[in-house]
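For ligands, and for the atoms within them, numbers begin at 1 and follow the listed sequence. What you see is a predicted model, and the numbers here were worked out from it, not measured in a lab.
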Amino acid sequence: MSPKALNIGDPFPNFEAQTNLGKIDFYDWMADSWAILFSHPADFTPVCTTELARVAQLIPEFQKRGIKPIALSCDTAESHNAWIEDIKSYGKLASFDYPIIADDKRELAVKLNMLDKDELNAAGIPLTCRAVFVIDDKKKLRLSILYPATTGRNFDEILRVVDSLKLTQTKSVATPADWQPGGQCMVLPTVQAADVPQLFPNGVETIQVPSGKSYLRITAQPQN
Ligand code: BEZ
């Protein structure tokens, strides 16, 4: 029986793993940061190479947000180190500064429910899908996305979600479709009308709708 999938809000399990940068205890490696763990089917594969290079290019953006990236691929640390030279060359990177977990035995892929039964390697063994887990500084799962092996991820979108998560955990707003940092936000449905002036001193616009209900309340993005 496969392990139960993690839900948003679940404690993210700790684990020890070998990486290209040595052995880690995941919680110790995270320390007080957030983390993004993203998995790959295998080393020396084209889409994965573009993804790992993109994340390396985005390191300053992850640092700005206090979030540490860590990848996982179902090959050995030695294989990862050889592959990293290709990733650096493809991404025109002077260095490659985040770890790739060596999950050649697929232990973590099974534990974290990341195997894609439709995507098999040459030996008929399931590959990992492109899972994304965002874990907060309390070690809680805050976002999980699964992509098939044939679709590369959009890391600008993942950074956008991290910005939304960080904004909405402290302010009484949610972010609408296609929101970008600095854009207008929606007042949370749980906010009572009487509390609006104090919570949103810059004002709230209520959009009129046929139902007559006042739930579409728009406000400027609250400042931190
Ligand atoms: C890739 O990274 O290009 C890839 C890996 C496994 C299946 C399909 C694509």
Within the protein, flag every N or O under 3.5 Å from an N or O of ligand 1, and note the pair and distance.
{"unit_1": "ligand 1", "atom_1": "2 (O)", "unit_2": "Thr45", "atom_2": "OG1", "d": "3.2"}
{"unit_1": "ligand 1", "atom_1": "2 (O)", "unit_2": "Val47", "atom_2": "N", "d": "3.1"}
{"unit_1": "ligand 1", "atom_1": "2 (O)", "unit_2": "Cys48", "atom_2": "N", "d": "3.0"}
{"unit_1": "ligand 1", "atom_1": "2 (O)", "unit_2": "Arg130", "atom_2": "NH2", "d": "3.0"}
{"unit_1": "ligand 1", "atom_1": "3 (O)", "unit_2": "Pro46", "atom_2": "N", "d": "3.3"}
{"unit_1": "ligand 1", "atom_1": "3 (O)", "unit_2": "Val47", "atom_2": "N", "d": "2.7"}

task = Over 60° means perpendicular and under 30° means parallel, so classify the ring planes of Phe12 and Phe15, tilted if in between.
result = perpendicular

inquiry  = Run the side-chain hydrogen bond (donor to acceptor under 3.5 Å, both in side chains) test on Asp43 and His80 for me, step by step, so that the C-alpha distance in whole Å, both residues' side-chain angles and the decisive distance to 0.1 Å come before the verdict.
reply    = CA-CA 7 Å; Asp43 292 4; His80 292 350; 2.7 Å; yes

key: Heavy-atom neighbours of Gln169 CD exceed 12 at 6.0 Å   = yes

ask   = In terms of heavy-atom contacts, does CZ of Phe44 have more than 12 from other residues, nucleotides or ligands at under 6.0 Å?
value = yes

query = With under 30° as parallel and over 60° as perpendicular, where do the rings of His40 and Phe38 fit, or are they tilted in between?
reply = perpendicular

ask   = Looking at Leu6 and Pro11, what are the two nearest heavy atoms and their distance?
value = CD2-O, 4.1 Å

